[in-house]
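Being a predicted model, the structure only gives us computed values, none of them experimental. In what follows, every heavy atom counts, from backbone to side chain, and hydrogens, waters and symmetry copies are set aside.
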Amino acid sequence: MFNKLIEVLKANPRKIVFTEGPDARILEATAKLKEGGFLTPVLVGNVDEVQAAAKAGGFDIEGIEIIDPATYPEMDAMVAKMVELRKGKMTEEQCADALSKGNYFGTMLVKMGKADSLLGGATYSTADTVRPALQLIKTKPGSKSVSSCFILTREVEGKAEMLAMGDCAINIKPSPEEIAECAIETAHTAATFGIDPKVAFLSYSTKGSGKGEDVDKMVEACKLAQEAAPELAIDGELQFDAAVSPVVAQTKCKGSKVAGQANVFLFPDINAGNIGYKIAQRLGGFEAYGPILQGLNAPINDLSRGCNADEVYKMAIITAALA
């Protein structure tokens with residue numbers, strides 16, 4: 001997967017902003033990206049502090065652009081642009097204060113075309129990464145909400161197996177409309193990573209075998225997604241075994257174009273989604289990459305605060321490839 005994404009980036013040069021420049025994990029990933037030469041990192045932070053941290057860790061970042069909000073020569077224009085974007089919701093003073101912080105400053109670099117994408121969250125919370133994106137980057141045309149997915153990969157008998165799961169990180173109790181939109185976005189994200197999407201709307205029911213509000217929600221969400229994207233292979237509601245087991249699918253929903261071979265999974269809420277992807281990761285032997293944010297005007301992604309340098313490196317590749 002990553003070899004293919006690197007080839008994409010070699011053919012389409014991209015620049016990615018890291019909002020936490022002095023962090024050792026960010027610096028190690030930056031040094032590795034510099035060595036690879038297929039993606040241009042930009043570090044946000046005090047220049048002396050970033051360089052000292054790199055030297056202390058033995059990370060070669062010579063020649064990498066470091067931008068300090070405190071000395072940024074175009075700060076006045078950036079503040080004015082943010083005031084305009086916030087449309088009276090924040091004063092000039094409030095915008096200037098927000099832009100002194102790496103999360104808002106980095107997001108505005110993307111908004112103003114100084115970079116193509118952003119990766120944050122090594123020290124910021126998910127909310128502190130997503131909030132500036134919602135306020136400044138905003139949703140792309142046709143999108144009413146922001147969602148997330150995880151790409152999961154593992155090797156089985158020498159072959160790569162890849163799945164996508166959404167929404168596992170953003171919407172706590174999504175509506176049918178939000179689940180349908182997430183399904184279409186997740187299918188498109190999956191396709192970017194070489195997955196031929198077959199989308200299953202998961203439930204404790206398969207085709208009416210169970211009853212209840214949660215079942216009705218997934219039935220409606222599936223119908224909305226099918227109507228909005230008839231070109232995609234979409235089915236539901238399906239229990240997980242019916243979604244992935246050809247034998248069970250023959251018994252429970254014979255004739256489905258998705259059941260028994262699903263590789264994109266939509267969950268009814270964040271509880272199920274978060275638990276589901278972590279079971280696959282911890283018990284199923286999958287590597288999980290994400291959350292990948294969907295529905296924004298530019299690729300903005302969030303790291304886990306428990307991430308390591310390798311995860312930063314791989315998420316940077318994923319994020320930039322979506323630009």
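- Counted within 6.0 Å of NZ on K34, heavy atoms from surrounding residues, nucleotides or ligands total more than 12; the atom is thus considered enclosed.
- In this structure the side chain of E181 never reaches within 4.5 angstrom of the side chain of V146, judged on heavy atoms.
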Determine, step by step, whether T19 and N103 satisfy the side-chain hydrogen bond (donor to acceptor under 3.5 Å, both in side chains) criterion, reporting the C-alpha distance in whole Å, the side-chain angles of both residues, the deciding distance to 0.1 Å, and the verdict. CA-CA 6 Å; T19 58; N103 57 338; over 6 Å; no
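- Annotation for V83 and M90: closest pair CG1-O, 4.5 Å, computed over non-hydrogen atoms.
- A salt bridge between E74 and K114 is present, with a side-chain N of the basic residue lying under 4.0 Å from a carboxylate O of the acidic one.
- The minimum heavy-atom distance between A200 and L238, with the atom names listed, is CB-CD1, 4.0 Å.
- Under the 4.5 Å side-chain contact rule for hydrophobic residues, I26 and I67 do not share a cluster.
- S205 is not listed as a side-chain neighbour of K211, based on a closest heavy-atom distance of 4.5 Å or more.
- In this structure a side-chain-to-backbone donor-acceptor pair under 3.5 Å is missing from T206 to K252.
- Residues satisfying the side chain to side chain donor-acceptor pair (under 3.5 Å) criterion with K4, sequence neighbours excluded, are absent altogether.
- Although no hydrogens or angles enter the test, the distance criterion places a donor-acceptor pair under 3.5 Å between the side chain of Y124 and the main chain of G102.
- Using a distance-only test at 3.5 Å, with no hydrogens or angles considered, no donor-acceptor pair links the side chain of E92 to the main chain of A80.
- Heavy atoms of other residues, nucleotides or ligands lying less than 6.0 angstrom from CD of E227 number more than 12.
- Residues T126 and D302 have side chains that bring a donor and an acceptor to within less than 3.5 angstrom of each other.
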Check against salt bridge (charged side-chain N to carboxylate O under 4.0 Å, His left out), E185 and K140: CA-CA 12 Å; E185 289 288 341; K140 64 186 180 183; 3.2 Å; yes
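- The distance from atom CZ of F286 to atom OG1 of T153, rounded to the nearest 0.5 Å, is 8.0 Å.
- The OG atom of S147 sits 8.0 Å away from the CD1 atom of I170 when rounded to the nearest 0.5 Å.
- Using a 4.5 Å heavy-atom cutoff, the side chains of E178 and D167 are not in contact.
- With hydrogens and angles disregarded, a donor-acceptor distance shorter than 3.5 Å links the side chain of N12 to the backbone of V8.
- Connection of L266 to I151 is not established within any shared hydrophobic cluster, with ILVMFWY side chains joined at heavy-atom distances below 4.5 Å, either directly or through further cluster members.
- Between V264 and L163, every side-chain heavy-atom pair lies at or beyond the 4.5 Å cut-off.
- Residue pairs meeting the ring-ring contact (aromatic ring centres under 6.0 Å, His included) criterion with at least one partner in residues 210-256, sequence neighbours excluded, are F240-F265.
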Give the C-alpha distance, both sets of side-chain angles, the deciding distance and a yes or no for side chain to side chain contact (heavy atoms under 4.5 Å, CB included) between L152 and Y289. CA-CA 6 Å; L152 294 97; Y289 300 103; over 6 Å; no
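- Between the R25 side chain and the C307 main chain, a donor and an acceptor come within less than 3.5 Å of each other.
- Shown here is E157, whose CD atom has no more than 12 heavy atoms of other residues, nucleotides or ligands within 6.0 Å.
- We find the CD-CZ distance between E35 and F59 to be 13.0 Å, quoted to the nearest 0.5 Å.
- Scanning all heavy atoms of the two residues, the minimum distance from A298 to V110 falls at CB-CG1, 3.7 Å.
- Across F150 and A288, no two heavy atoms sit closer than the pair CD2-CB, 4.2 Å.
- Transitive grouping of hydrophobic side chains (ILVMFWY, heavy atoms separated by less than 4.5 Å) keeps M78 and F18 in distinct clusters.
- T186 and Q294 form a side-chain donor-acceptor contact under 3.5 Å, judged by distance and modelled atom types alone.
- Q51 places no side-chain N or O within donor-acceptor distance of the main-chain N or O of D48, the cut-off being under 3.5 Å.
- A salt bridge links K81 with E84; the closest basic N to acidic carboxylate O contact falls under 4.0 Å.
- Counting heavy atoms from C-beta on, the side chains of T91 and R86 never come closer than 4.5 Å.
- Under a hydrophobic-cluster definition in which Ile, Leu, Val, Met, Phe, Trp and Tyr are linked whenever side-chain heavy atoms come within less than 4.5 Å, directly or via other members, I16 and I292 are assigned to the same cluster.
- Judged by distance alone, with hydrogens and angles left aside, the side-chain atoms of S245 form no donor-acceptor pair with the main-chain N or O of A242 at under 3.5 Å.
- Rounded to the nearest 0.5 angstrom, T71 OG1 and N46 CG are separated by 7.5 Å.
- Side-chain N or O atoms of S256 include one that pairs as donor or acceptor with a backbone N or O of V258 at under 3.5 Å.
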Take D269 and K217 through the salt bridge (charged side-chain N to carboxylate O under 4.0 Å, His left out) test and state the conclusion after the steps. CA-CA 10 Å; D269 57 40; K217 180 169 79 168; 5.3 Å; no
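- With contacts defined as side-chain heavy-atom distances shorter than 4.5 Å, the pair K87/L85 does not qualify.
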I'd like to know whether L296 forms a side chain to side chain contact (heavy atoms under 4.5 Å, CB included) with K138, so could you lay out the CA-CA distance, the side-chain angles of the two residues, the decisive distance to 0.1 Å, and finally the verdict. CA-CA 6 Å; L296 291 167; K138 303 183 180 181; over 6 Å; no
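- Counting non-hydrogen atoms of other residues, nucleotides and ligands closer than 6.0 Å to CD of Q94 gives a total above 12.
- Defined by atom type and a distance below 3.5 Å, a donor-acceptor pair is missing between the side-chain atoms of Q239 and S203.
- Proximity of a side-chain donor or acceptor of R154 to a complementary backbone N or O of G284 within less than 3.5 Å is detected.
- For the atom pair CD (E287) and CG (D310), the distance works out to 8.0 Å, reported to the nearest 0.5 Å.
- For the pairing with K198, the side chain to side chain contact (heavy atoms under 4.5 Å, CB included) check across N263, D235, I234, L232 returns one residue only, N263.
- You'll find the side chain of I179 stays beyond 4.5 Å of the side chain of P176, heavy atoms only.
- Side-chain contact between D128 and S125 is present, with at least one heavy-atom pair separated by less than 4.5 Å.
- Under a hydrophobic-cluster definition in which Ile, Leu, Val, Met, Phe, Trp and Tyr are linked whenever side-chain heavy atoms come within less than 4.5 Å, directly or via other members, I275 and M165 are assigned to different clusters.
- Nearest heavy-atom pair across L119 and V312 is CD2-O, 3.7 Å.
- At least one donor-acceptor pair closer than 3.5 Å links the side chain of K207 to the backbone N or O of G236.
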Take M108 and K111 through the test side chain to side chain contact (heavy atoms under 4.5 Å, CB included) and record every step on the way to the result. CA-CA 5 Å; M108 278 301 293; K111 180 65 179 179; 4.1 Å; yes
What's the verdict on side chain to side chain contact (heavy atoms under 4.5 Å, CB included) for N301 and L118, showing C-alpha distance, side-chain angles and the deciding distance? CA-CA 6 Å; N301 277 328; L118 176 147; over 6 Å; no
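- Listed here is the closest heavy atom pair of V44 and G106: CG2-CA, 4.4 Å.
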Checking salt bridge (charged side-chain N to carboxylate O under 4.0 Å, His left out) for the pair K10/E7: CA distance, chi angles, key distance, verdict? CA-CA 5 Å; K10 284 180 178 178; E7 290 304 312; 3.6 Å; yes
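- In this structure, E237 CD and Y204 OH are separated by 9.5 Å, a value rounded to the nearest 0.5 Å.
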